[in-house]
Protein chains: 2
Amino acid sequence: MTRTLLDAVLVALAEPTRRQLLDLLAERGEASASTLAQALPVTRQAVVKHLAVLDDAGLVSSRRAGREVRYRTRPERLAAAARDLSELATAWETRLATIKRLAEEEEGV
Amino acid sequence: MTRTLLDAVLVALAEPTRRQLLDLLAERGEASASTLAQALPVTRQAVVKHLAVLDDAGLVSSRRAGREVRYRTRPERLAAAARDLSELATAWETRLATIKRLAEEEEGV
DNA sequence: ACCATGTGCAACTCTGTAGTTGCACACAGC
DNA sequence: GCTGTGTGCAACTACAGAGTTGCACATGGT
């Protein structure tokens with residue numbers, strides 16, 4: 001189970017500002033913390049912290065380009081998280097179907 | 001866009017205790033707050049609050065049975081959230097692919 | 001060498017919320 | 001009727017994290 005990683009993704013996505021950052025990054029392809037901060041009602045430092053959380057969750061990656069650090073999204077990681085949730089949903093459905101079947105059997109006896 | 005609903009789901013799932021509650025519910029099919037609290041290191045009241053959050057996100061439903069209230073998971077809502085995230089991932093991928101193509105064209109000039 | 005811009009680190013404030021306790025009410029069984 | 005157990009509501013505590021400010025360091029351009 002990639003349980004710990006999925007947890008990190010969910011925590012990262014639970015924050016509105018972080019989702020906004022991801023939107024901006026998806027839009028621009030690549031951007032620095034300073035540039036992103038200009039488009040948001042928060043300081044650069046706040047943006048840096050959010051990007052760190054997103055990085056821990058694997059949702060963004062960063063590279064140095066001269067004196068600035070550029071971030072970009074990592075769609076595969078989000079896709080993986082989506083798959084994990086989908087699997088979880090399927091597991092629940094199966095469980096509920098089994099319970100329903102058992103209930104009907106008991107009723108039949 | 002079911003953006004607001006997806007938000008609620010993400011916030012709900014970001015909490016470890018809430019995910020545990022969902023696990024327990026998926027396991028048992030149906031359970032009351034008091035019963036669930038016995039399996040967790042928190043009080044019934046804490047469980048009730050968490051269940052309220054999960055209910056707001058549409059991840060669980062409840063029904064009265066005599067003097068107790070029984071909760072169960074709603075797999076369709078989780079599945080829907082998974083689909084939304086998947087679509088988002090696809091959108092990012094498309095965007096990145098476009099940017100990459102543009103970069104290569106410019107390089108070609 | 002100097003200046004402008006971008007980043008990194010640390011300490012601080014403050015709001016949200018997870019969790020608690022205490023008590024009142026509701027229902028099932030005796 | 002009384003008593004168990006389960007639920008509902010309200011006030012409170014406490015901690016995590018979102019955001020800030022201030023300053024030091026690094027890099028590119030002139």
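Each chain gets a letter, A, B and so on, in the order the sequences are listed, and its residues count up from 1.
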For [X] and [N], give me the distance from atom [atom1] to atom [atom2], rounded to whole Å.
| X | N | atom1 | atom2 | value |
| --- | --- | --- | --- | --- |
| A:Arg63 | C:dG6 | CZ | C1' | 15 Å |
| B:Arg44 | C:dA26 | CZ | C1' | 12 Å |
| A:Glu68 | C:dT5 | CD | P | 13 Å |
| B:Lys49 | C:dT20 | NZ | P | 10 Å |
| A:Arg67 | C:dA4 | CZ | C1' | 7 Å |
| A:Leu51 | C:dG6 | CG | C1' | 14 Å |
| B:Arg70 | C:dC27 | CZ | C1' | 14 Å |
| A:Glu30 | C:dG6 | CD | C1' | 15 Å |

Check your understanding: Looking across every strand, which nucleic acid part, if any, lies under 4.0 Å from B:Gln45 by heavy atom: base, sugar-phosphate, or nothing?
Key -> base
Review point. How should the glycosidic conformation of D:dG4 be described, syn or anti, under the criterion that syn lies within 90° of 0?
Key: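 Syn conformation here, the glycosidic angle of D:dG4 being no more than 90° from 0.
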Exercise for review: Would you mind reporting whether A:Leu25 and A:Leu51 have side-chain heavy atoms less than 4.5 Å apart?
Suggested key: yes
Would you find a donor on one side and an acceptor on the other, under 3.5 Å apart, between the side chain of [X] and the backbone of [Y]?
| X | Y | answer |
| --- | --- | --- |
| A:Arg18 | A:Val11 | yes |
| B:Arg19 | B:Leu13 | yes |
| A:Arg70 | A:Glu30 | no |

Study note, to complete from the structure: When A:Ala46 and A:Val11 are each assigned the nearest nucleotide of DNA chain D, the 5'-most assignment goes to A:Val11
Practice item. Using the closest heavy atom to pick a nucleotide of DNA chain D for each, name whichever of B:Tyr71 or A:Arg64 lands nearer the 5' end. Key: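 Per heavy-atom nearest nucleotide, the more 5' residue is B:Tyr71.
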Point to revise | side-chain N/O B:Arg18 vs C:dA18 OP1/OP2, d < 4.0 Å | key: yes
Review point. Between which nucleotides of DNA chain D, 5' to 3', does chain A make heavy-atom contacts below 4.0 Å?
Key: D:dA18 to D:dG28
Exercise for review: Would you mind telling me which residue lines up with the more 5' stretch of DNA chain C, B:Gly66 or A:Val48, judged by nearest nucleotide?
Suggested key: A:Val48
Check your understanding: What are the two closest non-hydrogen atoms of A:Ala12 and A:Leu59, and how far apart are they?
Key -> CB-CD1, 4.1 Å
Practice item. Identify the nucleotide, in any strand shown, that forms a Watson-Crick or G-U wobble pair with C:dC25, with both distances under 3.5 Å; if there is none, say none. Key: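 Here C:dC25 is engaged in a pair, and the nucleotide opposite it is D:dG6.
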Exercise for review: Given side-chain contact (heavy atoms from CB on, under 4.5 Å), test A:Arg95 with A:Ile99 step by step and report yes or no.
Suggested key: CA-CA 6 Å; A:Arg95 201 72 177 90; A:Ile99 288 166; 4.3 Å; yes
